[in-house]
Structure formats: C-alpha cells, structure tokens
Amino acid sequence: MNKAEFLNELKQSISEYPVEETEKSMEYYAEMIDDRVEDGMTEAEAVASLGTVESIANQIKCELPLTTLVKQKAKERTSGKKMPVWAIVLLILGFPFWGGIVIFIFAMIVTFYSLIWAMDAVLWSIVISLGAGALTGILGFFVSLFRVSFASAVCYLGAGLLCGGVGIFLFLGTLLITKGIIHGTKRCFLWLKQSIVGKEN
C-alpha cells in the first residue's frame with residue numbers, strides 16, 4: 001500500500017469525526033510517512049511500519065476529546081432511529097425522578113473526589129508546617145546558643161530535627177499519595193473513554 005492509498009483509506013475510516021480532528025490526523029500520518037521515507041524506507045515500508053488502518057483509526061478515536069466521543073456515540077446510536085412519542089413523553093415527565101438521581105450520583109462523585117484532594121492538601125500543609133518547624137528549630141538553636149543558654153539551644157535543635165525527620169517521612173508518603181491520586185484519575189478517565197469508544201473487535 002502506498003501513501004496515497006493509505007491516507008485515502010484512513011480518511012474514510014475516520015470521516016465521521018469532526019473535520020478539524022480528521023485533518024489533523026491526516027497531516028500527522030502524512031508527515032510521519034514522509035519522515036520515514038527520508039530516513040531511507042520505501043513508501044510501502046513506511047506505510048507498513050505504521051500498522052493497520054483499523055488499529056490507527058481506533059487509536060485516533062481513543063485520543064478524541066471526551067465530549068466529541070459522547071456526541072459521536074449518541075449520533076451512532078440514534079442514526080436512522082426515531083424515538084417513539086410515548087418514550088419522549090415518559091422522559092420529560094420522569095425527568096424530576098431520573099434527573100435527580102443523575103444529579104445526585106454526579107454530586108457524590110464530585111464530593112468524593114474533592115474530599116480525596118482535600119485530605120491530600122491537609123497532608124501537604126502538615127508537611128509544610130513541619131518544614132517550617134525544622135527551620136525554626138535550627139534558627140532557634142543558633143540564636144539560643146549565643147544569646148540564651150546551651151540547654152535552650154539543645155531543645156530548639158532537638159525539636160527542629162524531630163520536625164525535620166517526621167517531615168521527610170511524611171513528605172515521601174504524601175508525594176506517593178498525590179502521584180497515586182493523579183494516576184488513579186488518569187486511569188478512571190481512560191476507562192470512561194474506553195467504555196464510550198468500546199473495545200476493538
């Protein structure tokens with residue numbers, strides 16, 4: 001398959017997506033083929049190295065914005081189908097019931113997610129406080145050593161080192177928690193997109 005045939009087949013596979021997304025993908029893969037040809041591959045080898053048109057089209061679909069995917073999926077499911085009048089009436093009349101449930105579920109998800117980030121923010125504020133305590137203890141040590149007494153200096157140093165030690169452990173733990181939340185968010189978002197896109201047959 002040469003470049004023109006590949007791009008034509010790809011364009012047909014993704015033609016139902018928004019024009020700007022289609023054009024961007026076509027330009028990207030055309031440029032990729034040109035780069036590989038410049039590196040010494042033949043046009044057919046460059047096209048073959050990209051993979052099948054079907055897998056590329058599915059990858060493009062997965063990378064589309066979530067709102068575009070939802071609109072596209074709704075369009076696919078409703079194309080050529082007309083909703084009965086009684087179903088429309090039931091949807092309208094039942095909105096106070098099912099709309100309230102949807103809003104409640106959405107609010108619970110947002111609340112849970114906000115709570116997780118709030119707890120993470122609390123942990124970071126504790127880490128910052130412990131860091132400030134460590135700096136204050138070390139500063140107090142030097143001030144007390146020359147102006148107050150050696151005993152006070154030792155107390156300040158001990159408190160500073162304690163805050164610093166606990167702060168380091170808490171910092172490492174909080175950093176892992178934050179990375180875990182970000183990773184979990186990405187996984188949930190990817191799962192949602194894959195649920196909308198559907199698995200490739």
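Of the possible donor and acceptor atoms, none in the side chain of E43 sits under 3.5 Å from a partner among the backbone N and O of N2.
Looking at every heavy atom in both residues, A107 comes nearest to T111 through O-OG1, 2.6 Å. The two atoms that bring I126 and L170 nearest to each other are CG2-CD2, 3.3 Å, heavy atoms only. When every heavy atom of F141 is checked against every heavy atom of V154, the shortest pair comes out as CD1-N, 4.4 Å. Looking at every heavy atom in both residues, M41 comes nearest to A46 through SD-CA, 3.8 Å. Of all heavy-atom pairs between A30 and L7, the closest is CB-CD1, 3.9 Å.
Both M32 and F6 are part of a single hydrophobic cluster, where members link through side-chain heavy atoms under 4.5 Å apart. Note on L157 and L162: separate hydrophobic clusters, where clusters join Ile, Leu, Val, Met, Phe, Trp and Tyr whose side-chain heavy atoms are under 4.5 Å apart, directly or indirectly. V47 and Y28 end up in the same hydrophobic cluster when Ile, Leu, Val, Met, Phe, Trp and Tyr side chains are linked at under 4.5 Å. When hydrophobic clusters are built by joining Ile, Leu, Val, Met, Phe, Trp and Tyr residues whose side-chain heavy atoms come closer than 4.5 Å, directly or via intermediates, F169 is not grouped with V127. I128 and F171 are assigned to two separate hydrophobic clusters, defined by single-linkage of ILVMFWY side chains at heavy-atom distances under 4.5 Å.
Looking only at side-chain heavy atoms (C-beta outward), V37 and K3 stay at 4.5 Å or farther from each other. The shortest distance between side-chain heavy atoms of L176 and L172 does not fall below 4.5 Å.
To the nearest 0.5 Å, atom CG of residue L50 and atom CD1 of residue I56 are 5.0 Å apart. Rounding to the nearest 0.5 angstrom, the gap separating the CG atom in L130 from the CG atom in L135 is 11.0 Å. The distance from atom CG of L161 to atom SG of C163, rounded to the nearest 0.5 Å, is 9.5 Å. In this structure, CD1 on I33 lies 8.0 Å from OG on S49, to the nearest 0.5 angstrom. S144 contributes atom OG, which lies 9.0 Å from atom CG of L139 (distance to the nearest 0.5 angstrom).
Side-chain contacts under 4.5 Å among hydrophobic residues (ILVMFWY), followed directly or transitively, place L115 together with M119.
Atom OH of Y156 has 12 or fewer neighbouring heavy atoms from other residues, nucleotides or ligands inside a 6.0 Å radius.
Checking each of F104, F112, F106 against M108 for a side-chain contact (heavy atoms from CB on, under 4.5 Å) leaves exactly one that passes, namely F104.
Residue pairs meeting the side chain to side chain donor-acceptor pair (under 3.5 Å) criterion with at least one member in residues 178-189, sequence neighbours excluded, are Y113-T185, D120-T178, W124-T178.
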